[in-house]
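Computed from a predicted structure; not experimentally measured. Computed from heavy atoms alone, side chains included, the values below leave out hydrogens, waters and symmetry copies.
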Amino acid sequence: MEKLRIMSVFGTRPEAIKMAPLVKELAGREEIESICCVTAQHREMLDSVLKVFGVRPDWDLDIMTPRQTLSTITSRCLLGMDEAVDQLRPDMILVHGDTSTTFAGALSAFYHKVPVGHVEAGLRTYDKYSPYPEEMNRKLVTAIADLFFCPTESNRENLAGEGITQGVFVTGNTVIDALRTTVREDYAFSTEALNRLPYGRKKILLVTCHRRENYGRPMEEVMSALADIARRHADVEMVYPVHLSPVVQECAKRHLSGLPNIHLTAPLAADEMHNLMARCYLVLTDSGGLQEEAPALGKPVLVLRRETERPEAVAAGTVKLAGVARKDITAMADELIDDPAAYAAMAHAVNPYGDGQACRRIADAILWHFGRGERPEDFAV
């Protein structure tokens, strides 16, 4: 019997972190030929993740251009996928989450009549402009996909509410699989500045802020709040790996440069980010992935957004929505820095996102779909 040709398509750093362990799981199955196609929507940040996980792409679209727009990303990805799909002739294409690469990859698969598996399916805010453009990307992929790999039961319920009940699996999130390979107690950072941070003596706050819907006034408010927190707490050291977007770079430097307990760094490799998170005290972020990674490491998260498509951790108590107002962010951070009981309540909450077996379940589900194995059990907290 011929091997199934399963092509994984991704292009950004967060996608790569979550898809790399799945690419390797698929490659380890004797029934599957695992093909990795990257769009390089984020060139430098993507390459660093591929290096960490030891994944070598079979096809590289290399679409990134200076100051690229959503339209250029989508159109270049769609055109590049034509040649890749025609030559590689996959039996199924896997896309992840909600990026422009995800949408274009799924649309290309549809144009070529190739089945689509959607990894991290069923996330919703029900506001098409928040997160932007991610909420609409994932809804469009839902309309195209054939298999739906939901991280949690509430994601499955979202799809059921839209009338989608066939081909749906609750797998856990593949990022938990990734963390099991990257976090180590004896880890040494590549830069001495990170090795020299006063872990255990001061409270290390890890920050990320980059989402498009936060551009403008919301980001100004967030940066002002970060500066307030740094000035008010002598026992805090803040590490902010600044996204390569010129908009983010300019805003962060204007508000935060020169503050002695704020460290603005280049974006970190996946293993460095995971190990820094494991040693930090608190995470402040507008990232989606960090909302899942930090709870797995017992770290409270303040989400720098007005809403989240990951409500499970909010319900569990390990994540709180801080919004984008300066006073709200500072007040919530102050409480977690100053009140040990408030901090402990979040740090000890149950992680709802997985048991490190998501990739196995997804591979089993693909084989089941093609009649080559049993249906996997669903993940349950």
Side-chain angles (χ1 to χ4, degrees), residues 8-10 12-26 49 52-53 55 94-99 101-102 117-125 131 134-135 137-138 141-142 145 147-159 167-183 208 270-271 273-274 277-278 283 285-301 303 305 308-319 349-366 376-381:
S8 300
V9 178
F10 53 94
T12 69
R13 179 182 184 277
E15 287 175 291
I17 291 170
K18 295 180 176 183
M19 288 295 279
L22 179 56
V23 168
K24 299 186 83 168
E25 172 71 26
L26 295 172
V49 177
V52 166
F53 286 95
V55 172
L94 302 180
V95 296
H96 180 280
D98 50 27
T99 68
T101 284
T102 306
H118 188 192
V119 180
E120 199 173 271
L123 280 68
R124 295 290 187 268
T125 65
E134 289 86 357
E135 176 72 4
N137 283 341
R138 57 189 170 224
V141 173
T142 294
L147 296 183
F148 306 85
F149 305 117
C150 299
T152 70
E153 176 63 22
S154 67
N155 303 147
R156 186 198 64 76
E157 291 169 358
N158 288 341
L159 294 179
V168 180
F169 304 83
V170 181
T171 61
N173 198 299
T174 59
V175 77
I176 309 302
D177 301 38
L179 286 171
R180 295 178 65 180
T181 68
T182 56
V183 175
T208 73
D271 56 339
M273 192 68 166
H274 289 169
M277 198 184 318
V283 176
T285 185
D286 64 0
S287 163
L290 266 66
Q291 294 178 53
E292 300 153 344
E293 293 164 352
L297 297 169
K299 308 300 176 179
V301 182
V303 178
R305 291 170 55 190
T308 179
E309 60 284 335
R310 294 168 171 85
E312 300 88 355
V314 176
T318 192
V319 166
V350 175
N351 168 40
Y353 289 119
D355 57 2
Q357 298 296 316
C359 294
R360 175 186 62 78
R361 292 188 182 96
I362 292 170
D364 288 346
I366 291 169
E377 81 291 353
D378 281 343
F379 163 69
V381 177

Can you name the nearest heavy-atom pair linking Tyr353 to Glu292, along with the distance? CD1-CA, 3.6 Å

[Y] and [X], any side-chain heavy atoms less than 4.5 Å apart:
| X | Y | result |
| --- | --- | --- |
| Leu159 | Cys150 | yes |
| Arg13 | Met273 | yes |
| Asn351 | Ile176 | yes |
| Val183 | Leu297 | yes |
| Ile366 | Phe149 | yes |
| Phe53 | Thr181 | yes |
| Pro151 | Leu123 | yes |
| Val9 | Thr101 | yes |

For [Y], does its backbone N or O pair with a side-chain atom of [X] as donor and acceptor, under 3.5 Å?
| X | Y | value |
| --- | --- | --- |
| Asp271 | Thr182 | no |
| Thr102 | His96 | yes |
| Thr308 | Pro311 | no |
| Lys299 | Thr318 | no |

Residue from Arg138, Glu15, Glu135, His118 passing side-chain contact (heavy atoms from CB on, under 4.5 Å) with Asp98: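 Only match with Asp98 under side-chain contact (heavy atoms from CB on, under 4.5 Å): Arg138.
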
List the steps and the verdict of side-chain contact (heavy atoms from CB on, under 4.5 Å) for Phe379 and Thr171. CA-CA 5 Å; Phe379 163 69; Thr171 61; 5.7 Å; no

When you look at Leu26 and Leu94, which way does the side-chain contact (heavy atoms from CB on, under 4.5 Å) test go after all the steps? CA-CA 11 Å; Leu26 295 172; Leu94 302 180; 3.8 Å; yes

Thr174 vs Ile362, side-chain contact (heavy atoms from CB on, under 4.5 Å): CA-CA, chis, key distance, verdict: CA-CA 9 Å; Thr174 59; Ile362 292 170; 3.8 Å; yes

Distance-only polar pair, side chains of [X] and [Y], donor-acceptor under 3.5 Å:
| X | Y | answer |
| --- | --- | --- |
| Glu120 | Asn173 | yes |
| Thr208 | Thr285 | yes |
| Thr125 | Glu309 | no |

Any carboxylate oxygen within less than 4.0 angstrom of a Lys/Arg side-chain nitrogen, looking at Arg361 and Asp177?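 No.
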
Would you mind checking if Glu377 and Arg360 are paired as a salt bridge, meaning a charged N to carboxylate O distance below 4.0 Å? yes

